[in-house]
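Taking it in order: structure first as structure tokens, then the write-up.
Residue numbers begin at 1 in each chain, while the letters A, B, ... track the order of the sequences. Computed from a predicted structure; not experimentally measured.
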2 protein chains.
Amino acid sequence: MELDDRKIIILKTIIKNYLETGEPVGSRTISKYSGLNLSSATIRNEMSDLEEMGYIIQPHTSAGRIPSDKGYRFYVDSIMEDSDRKVTEATELMVQRVDKLEMLLKQLVKLLAVDTNYAALISGPSLTENRIKYLQLSSPSRYKLLLILVLEGNIIKNEVISIEEDLDHETVMNLTILINNVISGLSLKEITPKMLTSLMVQSGEHSATAKSIIDAVADMIETDVESREIFTSGATNIFKYPELTDADKASKLISAFEEQDALKELVEEVSNISEDEGGSGLQVYLGGEGPVRNMQDCSLVTANYELGDGMRGVIGVIGPKRMDYEKVLDTMKNLISQLDKAYKRNDGDTR
Amino acid sequence: MELDDRKIIILKTIIKNYLETGEPVGSRTISKYSGLNLSSATIRNEMSDLEEMGYIIQPHTSAGRIPSDKGYRFYVDSIMEDSDRKVTEATELMVQRVDKLEMLLKQLVKLLAVDTNYAALISGPSLTENRIKYLQLSSPSRYKLLLILVLEGNIIKNEVISIEEDLDHETVMNLTILINNVISGLSLKEITPKMLTSLMVQSGEHSATAKSIIDAVADMIETDVESREIFTSGATNIFKYPELTDADKASKLISAFEEQDALKELVEEVSNISEDEGGSGLQVYLGGEGPVRNMQDCSLVTANYELGDGMRGVIGVIGPKRMDYEKVLDTMKNLISQLDKAYKRNDGDTR
DNA sequence: GTTAGCACTCTGATCTCTTGATTGCTAACA
DNA sequence: TGTTAGCAATCAAGAGATCAGAGTGCTAAC
């Protein structure tokens, strides 16, 4: 059997209707709203075909039809028009004026959640390919050392570590220079253990301290790779969709958002997948597909953003399976391009 | 009518039973489990009295009784024994080894949520009375300045600002010294505008830059006061309590946790109140009392912690009205004392 | 290929009935 | 005077029973 134009129109009508209402769609409704001018009986015949072909499902004998996963997939991949909606001005305004990266991401994720009415997440950029500008040391109190790592894009990481000896100001300065000679200009993942051991030798009597510092820097890098921060917003939006509202599902989903662990895995997985594919990397995971396996009734839409210099991150929206995919995809495309612009405007300066 | 011993025992039995089960308690149950050896008929008479006095309520004619707010209050204030439970070893272990304040707080709040099975929150310490050790400046790229503010207790704040002129290394150093002369050793709230303007005069040709720096520092302080970070955990625990599980209530509560704004107000309010009272500042807010006014079915238990040097913060637990107050109060006392110990162990060094 | 008509199915809302828990009252008892 | 047994009354919650509405599939006619 073939999927002719008429069947496609009917399928589309069913899906659109179902996305809006969440109720199974009957033949009569389609007969009225598809624009085909066919009686409900004819539609019924076609629907019977569509069901046989696996695009739609009947929850029970006397109900209308709802899209199957195959149906959704077809819709997302083939039928959906990419409308070019206007950029909401709010987005543009917002992205312009925020300069602190963390703030920017927090606001963006909130915007995304509010715009779409689903749950949104955004991962901090991966910094492993990002170069070190310099490391700054100082001693806030005896036997303590404050490390400040400045990366390209003016991203700052700091940590206080304990050391064995009590260093005077001058020694701290010297160590700073020594270490910077080795590591500045490198990307985080270019720092090798060998490099670091050679450094230890150079630092002579302070080699123990140098080792501590090196370990801490390695740790900062490690931490970044393993657990980059994830910002979320709008988890409670799921209460707007009755099919996700029962205690069990809601609790699962919101726990996932609260605990972050699951989200980290998700981000990990998504960024791996989409690196292979290149491109904008917009991805739609339906129902239990891919990273959302244990959330049967949810779908996930993801995209990658890049802030130049290899600072890549992931944006995602989680909502009910019957989410407004068009709108979500649009909003995300929009956001990414804004992010791109905003970054290019702010950066491009190196010392 | 007087609240004699027998009535108190009965009231206590009712409340304990209700806290466990969440079901109204009938006369027959009490007759069996109160240890009073009275028939249900006698208990009924007493219950009738207790109801008249306002300590208990009958949800409907043929149901048992549940505690009224007055009953809860009485229980919390008067009846409850403070049991001295043992410190769970987990707590002790955990508190020992974490050195980064943020990590510590995150772990503590999680522990609190897991231990109690309610939603927990903990505010970062207020830093306004905390002294500045020093300010460190450096220039990560042209027309940018990185400010690092080191406070007592080795708390680090950083910010990158844009400036008008392109400063060389030496100038940055000089400015650093100049500013540190003025502000180091002061607490955040001791920095006055006057002080800062005098500084601007001293900095001569770089006064514009000095002003930017000053503004940024003021901003960092401001930000801290207005919006100190709040860590939360266990918001989804509320799904364990059927009376909070309906979409409406759950959504409200979890939104509050997600958006933080409401929590900030709450922390604000609580820390004001309890400063007046002094002491451990353990507080129980029932039902709609105090800061939880729009959560009719929830109770809030709060406490203050202090890490020396005026670094004060708030811990809180939100759960159903019928929460296990004893356990929660115990856990919180415990946590506060652990926090105190841990801090004393780690600190005490100034340079 | 399309349509009208009709019997059939299933859900969900509504109603009734029953059960069980609990009370309040009264009268008897210590 | 306080305590208790007994009993009628009340109510919520659950189990069936019933009914309307929505929708389908099939058949026969156009």
Return the pairing partner of dC30(D) with a 3.5 Å limit on both distances, Watson-Crick or G-U wobble; otherwise return none. dG1(C)
Given atom CD1 of I30(A) and atom P of dG23(D), what is their separation to the nearest angstrom? 10 Å
Output yes when at least one side-chain N/O atom of S62(B) is less than 4.0 Å from OP1 or OP2 of dA21(C), else no. no
Whole angstroms only, please: what is the CD-P distance between E2(B) and dG2(D)? 13 Å
Using whole Å, report how far CD of Q58(A) lies from P of dG23(D). 11 Å
Between dG5(C) atom C1' and R28(A) atom CZ, what is the distance in whole Å? 14 Å
Rounded to whole angstroms, how far apart are CG on D4(A) and P on dG1(C)? 11 Å
Pair Y325(B)-S299(B), side-chain donor/acceptor within less than 3.5 Å: yes
Can you tell me how far P of dC10(C) sits from NE2 of H60(A), to the nearest Å? 9 Å
Whether D115(B) and K327(B) form a salt bridge (side-chain N of Lys/Arg under 4.0 Å from carboxylate O of Asp/Glu) is what I want to check. no
Spacing of I43(A) atom CD1 relative to dA22(D) atom C1', expressed in whole Å: 17 Å
Closest approach of M47(B) to V25(B) (non-hydrogen atoms, all atoms of both residues): CE-O, 3.6 Å
Which of these, L112(A), N304(A), L282(A), V270(A), sits in a side-chain contact (heavy atoms from CB on, under 4.5 Å) with I315(A)? L112(A)
With no angle test and no hydrogens, is the base of dC11(D) tied to the side chain of T61(B) by a donor-acceptor pair under 3.5 Å? no
Over how many whole Å does the gap from M47(B) atom CE to dG24(C) atom C1' extend? 12 Å
May I ask you to test the L3(A)-Y55(A) pair for a side-chain heavy-atom distance under 4.5 Å? yes
Using a cutoff of under 3.5 Å, can you pull out all pairs of nitrogen or oxygen atoms linking the protein to nucleotides 2-4 of chain C, with atom names and distances?
from   : atom 1 : to     : atom 2 : distance (Å)
dT2(C) : OP1    : R6(A)  : NH1    : 2.7
dT2(C) : OP2    : R6(A)  : NH1    : 3.4
dT2(C) : OP2    : R6(A)  : NH2    : 3.1
dT3(C) : OP2    : S39(A) : N      : 3.1
dT3(C) : OP2    : T42(A) : OG1    : 2.6

List the steps, then state whether side-chain contact (heavy atoms from CB on, under 4.5 Å) holds for K16(A) with Y75(A). CA-CA 9 Å; K16(A) 283 213 165 175; Y75(A) 176 75; 3.9 Å; yes
Option passing side-chain contact (heavy atoms from CB on, under 4.5 Å) with N17(A) (candidates I15(A), I14(A), T21(A)): T21(A)
